[in-house]
Amino acid sequence: MYQYNDIDQTLIEQRVDQFRRQTESFLKGQISDDQFRALRLMNGVYIQTHAPMLRIAGPYGLLNSKQIRKLAHIARTYDKNYCHFTTRQNVQFNWPQLERIPDILEELATVQMHAIQTSGNCLRNTSSDHLAGVCIDEIEDPRPYCEIIRQWTTLHPEFAYLPRKFKIAVSGAKLDRAATQFHDIGLHLVKNDAGEIGFRVLVGGGLGRTPIIGQVIKPFLEKKHLLSYLEAILRIYNLFGRRDNKYKARIKILVKESGMEKFSELVEKEWLLIRDDLELAPDRIDAIKVQFTPPAYETDAEQDSGFELRLLENKAFATWIKYNTADHKVAGYRAAFISLKAPDSPPGDMTDTQLDAVADLADQYSFGEVRSTHRQNLILADVKQADLFPLWQQLDALKLATPNIGTATDMICCPGLDFCSLANASSISVAKEINDALDDLDYLHDIGDVKINMSGCMNGCAHQSVGHIGILGVDKKGAEWYQLTLGGSSENEAAIGERLGPAVAKDQVTKAITTILDVYIKQRLDDESFLDMVNRVGITPFKEQVYANN
């Protein structure tokens, strides 16, 4: 895991001092709301329905146990004893007092954390595969390149005020677990015909009110040209992106309106001007790679015989292993998911007590490291198989072992009307109702891989457009209604869900979801997944049953 040097540390400490002065000036009435808005957004501070919200960066999802303990301390001291993990691998606090946020940022700086550029029209937190460095389908570990991008994006003077927010995701594996096709720029590490590893570059993806799948602008980019090519894309966007209409300001609209051929020509022309001066030297890449050296794995970890015995003796443990762990590239180890989707908890939330306990578990079982995922869960990525049973027991006691990763109750869910001032409809209460209806684990596991994503407004923070089942809250004359979509995916075969029909009332959402799942169970072929069935039969069979009595 990357460790700050003196320059990094000085930068974030100075930023804290700067924002403290800005906040004090605002509270004294020396600067206006509009003036302060731009300043607070660049430091991760939103004004929500009930209180400010602070978003903290989680660079490409990596956190250490010391940082997790600091989050627990902040939750206890400055918030209401919990925090929230987002789809961009960030962390949010929903109840801080504005005057105390500089104190929070000062505390974060002591553990190499910050909130810089977690909001505003700037380069946001770079996200990545939560199994980076350990997955069996990896071409190359993307984390060193994420870190290189993080350093390049932080307080980049040219891109502090872009037409709109800008997001980059990087994947180094064959399976896209980072939704790269729905980012402003998506980067895939790939091998060319000569066996060299470089980047396939996608541009113009995005969700929100106009979901668009990104297009390949560069099939193969040499590693040394990574930053220069990113800079060329950003320069063209900064020059030609629309600033007259925030709904048409994202790069996806510029690419769509310009056409990929024209946009690519502009980027190539700009790139040729700056390419040679921004090359990444091999020693620069190697220096970052050193900070991601694999931990000291035990070479005989596979020899443990107790693991297989536990699987045979304990059905609940075996179920957890099946659903909440993933294969590891090192024999005798597995990556263990920490489910933040317990039936009685809002998706993505963790209490201070849970945070402290997970920090201890990370130290005990996973080299002191914790990762956040695209679907609002956590991972201990390097657990010996001999340690999986005691880990499971402790997670179960903490209500963090619900065996539902990749199932219908592993929902992505935004805060909705409970917190967000932009929302049109509730999300958390609807998620709980769906959870309650799907509380039979045998039924849940029989359904298999179903990704439900629910957003409370068109901004689509919970990525409803790419859910296998998408739920979007809308306002109808002051009442909460919900549009349903089917067939979306953010993985390799990316797709935008198709609208099922008219919006349904809030009290009909859960019934609609269970009806959709029942149609799948009755009409699926042997071993056919939900998404495969939707792609085979279309939405008509589902539509007929959901709206049968209308």
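One side chain, His156 or Glu231, offers a donor N or O that lies under 3.5 Å from an acceptor on the other. With 3.5 Å as the limit, one finds a donor-acceptor pair spanning the side chains of Asp176 and Thr180. For Arg55 and Thr118, the side-chain atoms include no donor-acceptor pair closer than 3.5 Å. At a cut-off of 3.5 Å, with distance as the only test, a side-chain donor of Ser339 or Asn404 sits close to an acceptor on the other residue. Judged purely by distance below 3.5 Å, without hydrogens or angles, the side chains of Tyr482 and Gln464 never pair a donor atom with an acceptor atom. A donor and an acceptor atom, one from each side chain of Tyr60 and Gln89, are nowhere located under 3.5 Å apart. The closest side-chain donor-acceptor pair between His183 and Arg124, if any, does not fall under 3.5 angstrom. A donor atom on one side chain and an acceptor atom on the other are found under 3.5 Å apart for Ser65 and Asp363.
Using a 4.5 Å heavy-atom threshold, the side chains of Ile168 and Leu187 count as touching. Trp320 has its side chain out of reach of Asp396: every pair of non-hydrogen atoms, C-beta onward, lies at least 4.5 Å apart. For the pair Asn535 and Glu493, the minimum side-chain heavy-atom distance is 4.5 Å or more. Contact check for Ile471 versus Leu484: side-chain heavy atoms found under the 4.5 Å cut-off. Residues Ile338 and Leu361 have side chains not in contact (no heavy-atom distance under 4.5 Å, counting atoms from C-beta outward). Inter-residue side-chain proximity for Glu433 and Val509 is flagged as unmet; no heavy-atom pair is nearer than 4.5 Å. A heavy-atom distance below 4.5 Å is found between the side chains of Arg334 and Asp327. The closest side-chain heavy-atom distance from Leu71 to Ile56 is below 4.5 Å.
Atom NZ of Lys399 is surrounded by 12 or fewer heavy atoms from other residues, nucleotides or ligands within 6.0 Å. Annotation: Lys223, atom NZ; neighbour count of heavy atoms from other residues, nucleotides and ligands within 6.0 Å is above 12. The environment of Arg275 atom CZ is dense: over 12 non-hydrogen atoms of other residues, nucleotides or ligands sit within 6.0 angstrom. Within a 6.0 Å radius of CG in Asp344, more than 12 heavy atoms belonging to other residues, nucleotides or ligands are found. Under a cut-off of 6.0 angstrom, the local environment of CZ in Arg499 is sparse, with at most 12 non-hydrogen atoms contributed by other residues, nucleotides or ligands.
Partner Asp184 forms a salt bridge (Lys or Arg N to Asp or Glu O under 4.0 Å) with one of Arg250, Arg164, Lys167, Lys165 and no other, that one being Arg250.
For the pair Arg143 and Phe292, the NZ or CZ position fails the cation-pi test of under 6.0 Å to the six-membered ring centre and within 45 degrees of the ring normal.
Atom NZ of Lys191 and atom CD1 of Ile197 lie 5.5 Å apart (nearest 0.5 Å). Note: Thr540 OG1 to Glu498 CD = 8.0 Å, rounded to the nearest 0.5 Å. Summarising the geometry, atom CG belonging to Leu388 is positioned 11.0 Å from atom OH belonging to Tyr333; distances are rounded to the nearest 0.5 Å. Here the CG-CZ distance, from Leu400 to Phe337, works out to 14.5 Å after rounding to the nearest 0.5 Å. Between the CG atom in Leu230 and the CH2 atom in Trp152 there is a gap of 5.0 Å [rounded to 0.5 Å]. Here the CG atom belonging to Leu226 is positioned 5.0 Å from the CD1 atom belonging to Ile149, to the nearest 0.5 angstrom.
For Ala326 against Leu131, the heavy-atom pair with the smallest separation is CB-CD1, 4.2 Å. Pairing each heavy atom of Ser465 with each of Leu207, the nearest pair is CB-CD2, 4.2 Å. Considering all non-hydrogen atoms of both residues, Val466 and Asn453 come closest at C-ND2, 4.0 Å. Residue Val267 comes nearest to Ala232 through the heavy atom pair O-CB, 3.8 Å, listed as atom of the first residue, atom of the second, then distance. A pairwise comparison of heavy atoms in Ala336 and Val383 identifies CB-CG2, 4.2 Å as the closest pair. Tyr520 approaches Glu528 most closely through the heavy-atom pair OH-O, 2.6 Å.
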Worksheet item: Please walk me through it: do Tyr297 and His328 pass ring pair (Phe, Tyr, Trp, His ring centres under 6.0 Å)?
Response: CA-CA 12 Å; Tyr297 295 117; His328 197 289; 5.3 Å; yes

Discussion item. Pair Asp449, His468 - check side chain to side chain contact (heavy atoms under 4.5 Å, CB included), show working.
Written reply: CA-CA 9 Å; Asp449 181 17; His468 296 174; 3.9 Å; yes

Item to complete: Given side chain to side chain contact (heavy atoms under 4.5 Å, CB included), test Ile233 with Ile251 step by step and report yes or no.
Response: CA-CA 10 Å; Ile233 292 174; Ile251 193 173; 3.8 Å; yes

Fill in: Steps toward side chain to side chain contact (heavy atoms under 4.5 Å, CB included) verdict (Phe307, Ile321)
CA-CA 10 Å; Phe307 174 64; Ile321 289 293; 3.8 Å; yes

Discussion item. The test is ring pair (Phe, Tyr, Trp, His ring centres under 6.0 Å); show your working for Tyr229 and Phe199 and say whether it passes.
Written reply: CA-CA 11 Å; Tyr229 200 74; Phe199 293 97; over 10 Å; no

Discussion item. Could you walk me through whether Gln291 and Met1 satisfy the side chain to side chain contact (heavy atoms under 4.5 Å, CB included) test, starting with their C-alpha distance in whole Å, then the side-chain angles of each, then the deciding distance to 0.1 Å, before giving a yes or no?
Written reply: CA-CA 6 Å; Gln291 303 219 35; Met1 184 172 177; over 6 Å; no

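A donor-acceptor distance shorter than 3.5 angstrom exists from the side chain of Gln112 to the backbone of Tyr4, with no hydrogens or angles considered. Asn90 contributes a side-chain N or O that, together with a main-chain N or O of Gly58, makes up a donor-acceptor pair within less than 3.5 Å. Between the side chain of Ser128 and the main chain of Val170, a donor-acceptor pair closer than 3.5 Å is present. Judged by distance alone, with hydrogens and angles left aside, the side-chain atoms of Gln376 form a donor-acceptor pair with the main-chain N or O of Phe85 at under 3.5 Å. Gln181 contributes a side-chain N or O that, together with a main-chain N or O of Asn492, makes up a donor-acceptor pair within less than 3.5 Å. Using a distance-only test at 3.5 Å, with no hydrogens or angles considered, a donor-acceptor pair links the side chain of His445 to the main chain of Pro403. No side-chain donor-acceptor contact under 3.5 Å links Asp349 to the backbone of Tyr82. Distance alone, capped at 3.5 Å, is enough to place a donor-acceptor pair between the Gln394 side chain and the Pro390 backbone. For the pair Ser264 (side chain) and Glu261 (backbone), a donor-acceptor distance under 3.5 Å is absent. No donor-acceptor distance shorter than 3.5 angstrom exists from the side chain of Glu298 to the backbone of Lys384, with no hydrogens or angles considered.
Judged as a side-chain hydrogen bond (donor to acceptor under 3.5 Å, both in side chains), and not counting sequence neighbours, the contacts of Lys341 are Asp410.
Contact check on Lys329 versus Asp141 returns no salt bridge, with no Lys/Arg side-chain nitrogen under 4.0 Å from an Asp/Glu carboxylate oxygen. Checked for salt-bridge contact, Lys218 and Glu268 meet the test: a charged N lies under 4.0 Å from a carboxylate O. A salt bridge is absent between Arg310 and Asp304: the closest approach of a Lys/Arg side-chain nitrogen to an acidic carboxylate oxygen does not fall below 4.0 angstrom.
Separation of the Phe159 and Phe166 ring centroids does not fall under the 6.0 Å cut-off.
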